[in-house]
Structures are given as structure tokens and as C-alpha cells.
2 protein chains.
Amino acid sequence: MTENDIFRALADPTRRAIFEKLATRSMNASALREGIAISQPAMSQHLTVLRNAGLVREERQGRFVNYQVDPEGLALIAQWFAKYRAYWPTRVDALKALLKDMDQ
Amino acid sequence: MTENDIFRALADPTRRAIFEKLATRSMNASALREGIAISQPAMSQHLTVLRNAGLVREERQGRFVNYQVDPEGLALIAQWFAKYRAYWPTRVDALKALLKDMDQ
DNA sequence: GAATCACATAAGTCCGTGCTTATGTGTCGG
DNA sequence: CCGACACATAAGCACGGACTTATGTGATTC
């Protein structure tokens, strides 16, 4: 689970699609395949890459494996981007709104 | 300059090193090579990738080409991460400090 | 307990990509 | 203008990665 693992995991558009789908709600590998044209082994391999990157967590439930977003990977990569926040043209207003959200 | 271009550009550790070096101060391609074991053509190719991703801007100055961080690419990718900010374990205090910095 | 299901792993193939060497293009100094 | 310099582009190669088919593993159902 290194910075490099995370960037390389997110470099693949299929894996980003998987991650984005998991961000809406946690689900198992079969459910993840719905709507994404991909074979079962390919999905399994992608999930392994995402898991090794710390972007996804797995939890066995009988013969199913439930997957969910792992905050650790996101935190690590958010830290990387924070180093360059000076270059972000982010509006202060948008940040204030975000802060308000988090306070609630 | 798509989301995919940016992620793929950042997937390479050498390109991240180049970008990080440029984030400290803008410089030309020769100066960028110092400290990074890389040939001149390889550096040129990496800079092309970073430029196409919108992560870097170039500005001709005589026979030199000065490179600097382009905020556009960072903004686009920051937007992507913002979608998953709900998963970030970011401290509210850290955000408040950031907000304070930006107000100044 | 045998078949089926959900998923992982193995092995092979193909294509993209990062490197190299060689050469091209444009700019400056003498 | 002519050599040197800063950088870009071309072409070829070698490796990694995403896919495939085939098979393995463990849990469930009847």
C-alpha cells in the first residue's frame, strides 16, 4: 500500500469505474460486474490491485466477498495532493461550505 | 487533458518526481534533469505527457523552455477526489487551518 | 456428498509504454 | 555563417500489464 500502488491502481479506467461504483454502496464482486463489460477473472484481478493499493477492503460473507471503499488509500493520496494545494484554484467559499458539512 | 490523461501521467514515479520538482520552483528541462538519472529524450517525452495531461505548462525563452506547474490539471483531479471526500478521515481542524491560510 | 455457485489463481498472449540511439529543429555566440 | 547548445522527434526494443481460457478452492444447497 504505497503511493505508487495507489496511482498505478487509479491509472486504469476500469479500476476507477469499479472504485466509483463501490463508492456509491458496498457490494460483492458479482454485483460489481453488472454494467461493466468484464470477465470474472479480470474483475477479481482488478479487485486484488485495488485492495493492495489500500483503496478497497474485502469482507468474506459465506461464499460471497463483500467489497467496500477503504479510506486509508484515499487518505494517503489526499495527503499527496495536499502538498500542491497552493496551486489549486479552489474557491474559499467552496471550502467554507465543505467545512460546514463536516461540522454537522 | 482528460481525467484519464492525468491519472496515467501521475502513475509513473519518474513523472511524479519531475512534477514534484517543478512544484518547488519553475525551471527548464536541463535543470529538471539534475538529480534525476534520466536521458534528455526521456525527460522531453515525460514533459510532453505531463503537458498533455494539463499538469505542466511550457514557456519558450530563447533556446530554453521554462516549465511550470499548470493548475488546470490539478484542479480537474482535485474535483475527482472531492467526490470521495466523505471517505477522507480528514480532521476538521486541518481544514480550518487551510482556510485560515487562504484567507490571508 | 455431489452438484452448483462465488471467487481466486495459473498460464499464456497481446498491446501499450518507457527506454535507448540517432537525427532533426531552432537559437545563441564568436 | 558556423559550431555549439537546448530541446524535440523518430524508430526500434524490451518489459509490464490487462486480458483471455482453464482450473483450483471453499461454501451452499438439495
Side-chain angles (χ1 to χ4, degrees), chain A residues 1-22 25-70 73 77, chain B residues 1-22 25-70 73 77:
Chain A
M1 198 200 115
T2 69
E3 183 181 288
N4 199 49
D5 292 334
I6 300 174
F7 275 114
R8 303 223 327 195
L10 292 177
D12 185 77
T14 303
R15 275 194 295 268
R16 282 201 307 280
I18 293 169
F19 178 82
E20 290 173 23
K21 198 166 183 179
L22 271 184
R25 63 178 183 86
S26 67
M27 62 187 90
N28 59 49
S30 297
L32 274 171
R33 284 186 61 201
E34 292 168 16
I36 302 181
I38 197 175
S39 68
Q40 178 267 317
M43 173 59 78
S44 183
Q45 288 159 16
H46 280 310
L47 286 170
T48 299
V49 172
L50 286 169
R51 192 169 55 80
N52 288 338
L55 288 166
V56 148
R57 282 181 157 283
E58 69 174 39
E59 185 183 352
R60 263 230 163 243
Q61 286 176 351
R63 60 179 164 177
F64 295 86
V65 178
N66 198 269
Y67 284 93
Q68 56 184 305
V69 168
D70 185 346
I77 219 63
Chain B
M1 198 200 116
T2 69
E3 183 182 289
N4 199 48
D5 291 335
I6 301 174
F7 275 115
R8 303 218 332 191
L10 292 176
D12 185 78
T14 303
R15 275 195 295 267
R16 282 202 307 280
I18 293 169
F19 178 83
E20 290 174 22
K21 197 166 184 180
L22 271 185
R25 64 178 182 86
S26 67
M27 62 187 89
N28 58 48
S30 297
L32 274 171
R33 285 187 60 201
E34 292 168 16
I36 303 181
I38 198 175
S39 69
Q40 179 268 317
M43 173 59 78
S44 182
Q45 289 159 14
H46 279 311
L47 286 170
T48 299
V49 173
L50 287 169
R51 192 169 55 79
N52 288 337
L55 288 166
V56 148
R57 282 181 158 281
E58 71 174 40
E59 185 183 352
R60 260 227 167 247
Q61 287 176 352
R63 60 179 165 176
F64 295 86
V65 177
N66 198 268
Y67 284 93
Q68 57 185 307
V69 168
D70 185 346
I77 219 63

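Numbers restart at 1 for each chain; the letters A, B, ... are given by sequence-line order, proteins then strands.
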* To do: Mind calculating the distance between CE (B:Met27) and C1' (D:dC7) to the nearest angstrom?
  => 17 Å
* Structure fact -> Residues in residues 49-64 of chain A with a heavy atom under 4.0 Å of DNA chain D, by number, are A:Gly62, A:Arg63
* Which pairs pass side chain to side chain donor-acceptor pair (under 3.5 Å) with one or both residues in residues 26-46 of chain B, sequence neighbours excluded? -> B:Arg15-B:His46, B:Ser26-B:Asn66
* Close side-chain approach of B:Lys21 and B:Met27, heavy atoms under 4.5 Å -> yes
* **Test item: A:Tyr67 and A:Arg57 side chains (from C-beta on) under 4.5 Å apart, heavy atoms** => no
* Do A:Val69 and A:Leu55 touch side chain to side chain, with heavy atoms closer than 4.5 Å? -> no
* Asked: For residues 29-47 of chain A, which residues have at least one heavy atom under 4.0 Å from DNA chain C?
  -> A:Ala29, A:Ser30, A:Gln40, A:Pro41, A:Ser44, A:Gln45
* Residue-phosphate contact under 4.0 Å: B:Tyr67 side-chain N/O, D:dA6 OP1/OP2 -> no
* D:dA18 P sits how many Å from B:Asn4 CG, rounded? -> 12 Å
* Nearest-angstrom distance from the residue atom CG of A:Asn66 to C1' of C:dC7 -> 13 Å
* Atom-pair distance (CG on A:Asp12; P on C:dC15), nearest Å -> 17 Å
* To do: Kindly check if the number of other-residue, nucleotide or ligand heavy atoms within 6.0 Å of CZ (A:Arg51) is above 12?
  => yes
* To do: Indicate the atoms forming the closest heavy-atom contact of A:Ile36 with A:Ile18, along with that distance.
  => CD1-CG1, 4.1 Å
* To do: Grab the two heavy atoms, one from A:Leu47 and one from A:Ala29, that are nearest each other, plus how far apart they are.
  => CD1-CB, 3.9 Å
* Contact summary for A:Gly73 and A:Ile6, nearest pair of heavy atoms -> O-CD1, 3.4 Å
